[in-house]
Structures are given as structure tokens and as C-alpha cells.
Amino acid sequence: MQRGAGSLARGLANAMTPRLRPGNLDHRDPDFMRELLPVTWMFVTAWFRPDIRGLDRIPGDGPVLIVGNHTGGASSPEVHISQLAISTYFGVERPHYQLAHRMVLNSPVGPLLRRFGTVEADPENAAKALDAGAIVTVFPGGDHEVYRPSWESARIDVGGRKGFLKLAVEKDIPIVPMVTLGGQETALFLSRGEGLARFLGLDTRLRLKSLPIMLSLPFGLQFGPLPHLPLPAKVTMRLLEPIDLHERYGDEPDIDEIYDDLVAEMQQTLTAMQRERRLPVIG
Amino acid sequence: MRIEARLPVAAPPDEVWAVVSDPCVIGALSDTLLVEELEPGSKPGVGTRYRALLRVGPVPVGGNVEIIEFNEPCDMAWTTLTGVDHRLRIRIRDRAEGGTWLTVRFAYDSPGLLGSVADLVSFPTVRSAIHGLLRQMIERVELDR
């Protein structure tokens, strides 16, 4: 049974491999963004009724690393909202890249996302973008956090991933934490399905550590990291004060200490946001 | 899209100009327009640049602007250099019955057919923001007398 499932997954991975394109910084197209920004922002605003505070905390120029919690499965609303909001606030002229899983970039909407500045979550891409003076948004929790059960909506769960902090320390880049609530209400997420992903060998073959199980539109009970039609849940986002790592932690910062502080600060904000929320989906 | 709002002010043109010709002053008195100096300490005039954002929707919209007309005490106009394309003009004219006509014109134009749809949808919100801006400018001028 396991051998058969493993063969199937390997076949699937092999079939997809030639189509997997990592994307690079040059795919970002400001003119294309300028044309689509008004209408996409209008739809996103109408659907998710975003309440965003703290964009003015992003330093006005130079490289910045925005670190967000990841929500809402493959349809992650905060990814689209933050991309469009930052482009609306600073203008498409200010380069902003988001790091995403390669499966996202190779989905049907991948070409669109690449032109909006989404690149594969890869330290080299992040370093290049920061060296170019761009804003880079990273969701270190990745597929682990994005498929957490809906009842853990108000929990930051970055899964111990700290690579982004090493990069920020090395480049001496300020970090702006970004906390989102509401994405986990766009469907009923039941389980990450991490055991199933391991059983099928997807973690090694497709870098997929989750094979989520959820109730969502339009398919009902859904298995796997496929997009869903998100419920129009109200999304609230808070950007926190920028953190200068060397100023706060000295010349040789302890990555574990930074990680613990960052997660605690984001968790504190998320808990406060959850307290303000009256009803699921409605907000 | 083009929005024009015009109201009389109980003050002579010079006094109106003294308040509304400085984008930073307009930003400070308004709750719909955010203005920041890009070159701190510079005086308003042709070529001076600011960051101007209009509070419409969940995120302020705008970009870097440059003053392109500065004719005391008649006209001040800026246009965008970056961000969402728009033009703003503040027009001051004598009023035959006494006082001054103060006009704010705001034009914005998103590219493409879908951009036009978005412009149409946002029109009532932007129109309300521009009318609010005009009322606040007049309140400030009349309060300063």
C-alpha cells in the first residue's frame, strides 16, 4: 500500500518537475501592477473588508523584512492583501517581493503572482531582493502554519523556522512584524495532514509537509493543498514597530532569543486582535 | 474621473492663499489628506515635492507629488511622480458678492478598462473626501481671521 502510494507521489512529482519554475526578481512588472492594482484592490477590499493598521511603520526607504503569520490555506488572503496594500501605499515603484512556496508559483495563478513580485521562498532570492533595497515579505510558518486548524486561528505557529532571522542579522535589515487574523475563517481547516504527507513522501519530493483536510467551497470536503473559494471573512492586519536587530540585541545577536521575542510579540498582538473580534467571518 | 468642489469663503484671496497654498498645512488641517515633506525645510513652489495620500478605503492612496503651478494668489496644482496617478488643483478667485471662491479639483485616472471600472466604483468615496477637504480648508481660513 505504502509502496504504491509512494510510487504515485513520485510519479506525480516527476511529472511536475519540468514545469516547476523558481521565478526570479526580474519577473516583477510595475506597469502590469499599475494596470491591475485598482481593480484587484477593489475586489479584495470588497471581499475581505480588510482593516489594516501600521503601514506607516514600514521604513520609508531601504530594504525591510516584513515577517507575517500565514493564514487561509492556498488562498491566503493576507498574501494578496499585503501585496496590494503595500503597492497602494508606497506605489508600485517601490520594489516589494513576497516569498512563496514553489507550488504557488506553479499554480494557474503563478504567472500573475510572479508579475506582482512573488518569488520562490529561497534564501538566495530573499538575499538578492534585500541587496536590491526592496521590501521583502516572508511567511516563515509556510505550509505548516497556513493549514493549522481553524480553532487555532489566534495562534502564531512559525514551526521553529529561523532562517529569515539569520538573513536579517547578516544583512543588518530591520524587521517589521505583521500579524493577521481572519484567514483561518475562509474555510474550516480540520487537520494539517502532516502524517499523510510523510506517508506519501511528499515532504521530500514536493517540499510539502502538509496534506491538509478541510471543509471549503466549492468542493466541500477537500484533501490536499488546493486552492479554495475563500469565505468573505473579515481580515484584520497589524504591522508592528520595526525592530533593529543589532540595536536591540547587540553586535552578535542570539537568533533563538530574537525568535522567542518575535513570536511572543506577534502572539500578544494576535491575542488582542482575537479579543476584539466579535464573530467568525463577520469580524 | 474629475471631481470639482467649490464654495465661497468669507475672507479675501490673500488670506485664503496663505492657508491653502502650502500642501503641508492642508495635510495638517485635513483628516482625509496626508501630506509629508520629501525635502524637509523646502518652501512650497514649482518643483517642490511631497508625499500626498488620500484616505479612501482601508489604505491611504496616493504617491509622491510635485507642485507644477504656483501662481500667488490664484492657483496651486500638483501632479504625481509615483504611486496612483492623480492631479490636484486649488483655485482661488474673487467673488463678486465679496469674499473668495475656493475650488478644489481632483482628477485621477487608472489605466485600462478594469481601471476605469475601479475609478467609477471609488468615485463616491473620493468625491466625499474632496468635498470634506474643501470644507476643512474653509473652516481653517475662517477660524484664522
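Chain A is the first sequence line, chain B the second, and so forth, proteins listed ahead of strands; every chain is numbered from 1. Just so you know, these numbers use all the heavy atoms, side chains as well, and skip hydrogens, waters and symmetry mates.
For chain B, no part of A:Leu84 is nearby; none of its heavy atoms comes within less than 4.5 Å. Looking at B:Leu53, only its side chain comes within 4.5 Å of chain A, counting heavy atoms on both sides. For A:Phe90, the parts lying under 4.5 angstrom from a heavy atom of chain B are both the backbone and the side chain. At a 4.5 Å heavy-atom cutoff, the contact between A:Leu55 and chain B is made by side-chain atoms alone.
The backbone N or O of B:Lys43 sits less than 3.5 Å from a side-chain atom of B:Thr48, completing a donor-acceptor pair. At distances below 3.5 Å, at least one donor-acceptor pair connects side-chain atoms of B:Thr100 with backbone N or O atoms of B:Ala11.
Looking at A:Leu65 and A:Phe164, their side chains come closer than 4.5 Å, going by heavy atoms from C-beta outward. Between B:Glu142 and B:Val9, some side-chain heavy-atom pair lies under the 4.5 Å cut-off. By the 4.5 Å heavy-atom criterion applied to side chains, A:Met178 and A:Val67 are not counted as neighbours.
For the pair B:Arg93 and B:Trp101, the cation-pi criterion (under 6.0 Å, within 45° of the ring axis) is not fulfilled.
Of the listed residues (B:Gly112, B:Pro58, B:Gly63), the greatest number of heavy-atom pairs within a distance under 4.5 Å of chain A belongs to B:Pro58.
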Any idea which donor-acceptor pairs are under 3.5 Å between chain B and chain A?
unit_1: B:Arg51; atom_1: NH2; unit_2: A:Tyr89; atom_2: O; d: 2.5
unit_1: B:Gly83; atom_1: N; unit_2: A:Glu93; atom_2: OE1; d: 2.9
unit_1: B:Gly83; atom_1: N; unit_2: A:Glu93; atom_2: OE2; d: 3.2
unit_1: B:Gly83; atom_1: O; unit_2: A:Arg34; atom_2: NH1; d: 3.2

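The minimum heavy-atom distance linking B:Pro73 with B:Asp14 is given by the pair CG-OD1, 3.7 Å. Of all heavy-atom pairs between A:Leu262 and A:Pro177, the closest is CD1-CG, 3.7 Å.
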